[in-house]
Amino acid sequence: MKKTFKPILEGLAVGCVFVSITMLFSIPMYMSLIIGALAALGGWHNSVKMDKAKAEKKAAKDDQSNA
């Protein structure tokens, strides 16, 4: 899977979960979609942040082992 595609896929998954959860309650459809879109954006941002932290941790580990 491409590195740029993974955060998008994770964001969409989070958004779909939130839309399906909010549909269980008596919330209008447009509000469920707004909540899902915001959750998807948050899921995408979190995925990008976690990938960046993982890369920094790996780089620090490689630098430490080379020294």
Side-chain angles (χ1 to χ4, degrees):
M1 184 178 333
K2 286 187 174 182
K3 241 185 162 126
T4 57
F5 186 63
K6 182 181 172 219
I8 294 170
L9 188 63
E10 289 181 7
L12 286 175
V14 170
C16 289
V17 168
F18 270 80
V19 168
S20 62
I21 289 172
T22 56
M23 291 303 293
L24 294 174
F25 304 103
S26 300
I27 297 176
M29 182 65 170
Y30 72 93
M31 289 179 72
S32 293
L33 292 176
I34 291 171
I35 291 168
L38 291 173
L41 184 64
W44 171 80
H45 183 273
N46 190 36
S47 179
V48 169
K49 187 171 73 171
M50 287 177 56
D51 288 345
K52 185 177 178 183
K54 187 190 295 185
E56 288 174 356
K57 189 174 183 181
K58 183 179 179 187
K61 184 180 178 184
D62 290 343
D63 289 343
Q64 188 179 29
S65 65
N66 288 338

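- Under the 4.5 Å side-chain heavy-atom criterion for ILVMFWY residues, a single connected hydrophobic cluster contains both Phe25 and Met31.
- Grouping the Ile, Leu, Val, Met, Phe, Trp and Tyr side chains by contacts below 4.5 angstrom, directly or via other members, places Val48 with Leu41.
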Atom pairs and distances, side-chain donor-acceptor, residues 49-56, under 3.5 Å, sequence neighbours left out:
unit_1 : atom_1 : unit_2 : atom_2 : d
Asp51  : OD1    : Lys6   : NZ     : 3.4

- Pair Tyr30-Leu33, side-chain contact (heavy atoms from CB on, under 4.5 Å): steps then yes or no: CA-CA 5 Å; Tyr30 72 93; Leu33 292 176; 5.6 Å; no
Name the atoms and distances for all side-chain donor-acceptor pairs under 3.5 Å in residues 9-24, with sequence neighbours left out.
unit_1 : atom_1 : unit_2 : atom_2 : d
Glu10  : OE1    : Ser47  : OG     : 2.7
Ser20  : OG     : Cys16  : O      : 3.2
Ser20  : OG     : Val17  : O      : 2.8
Thr22  : OG1    : Phe18  : O      : 3.0
Thr22  : OG1    : Val19  : O      : 3.0
Thr22  : OG1    : Ser32  : OG     : 3.1

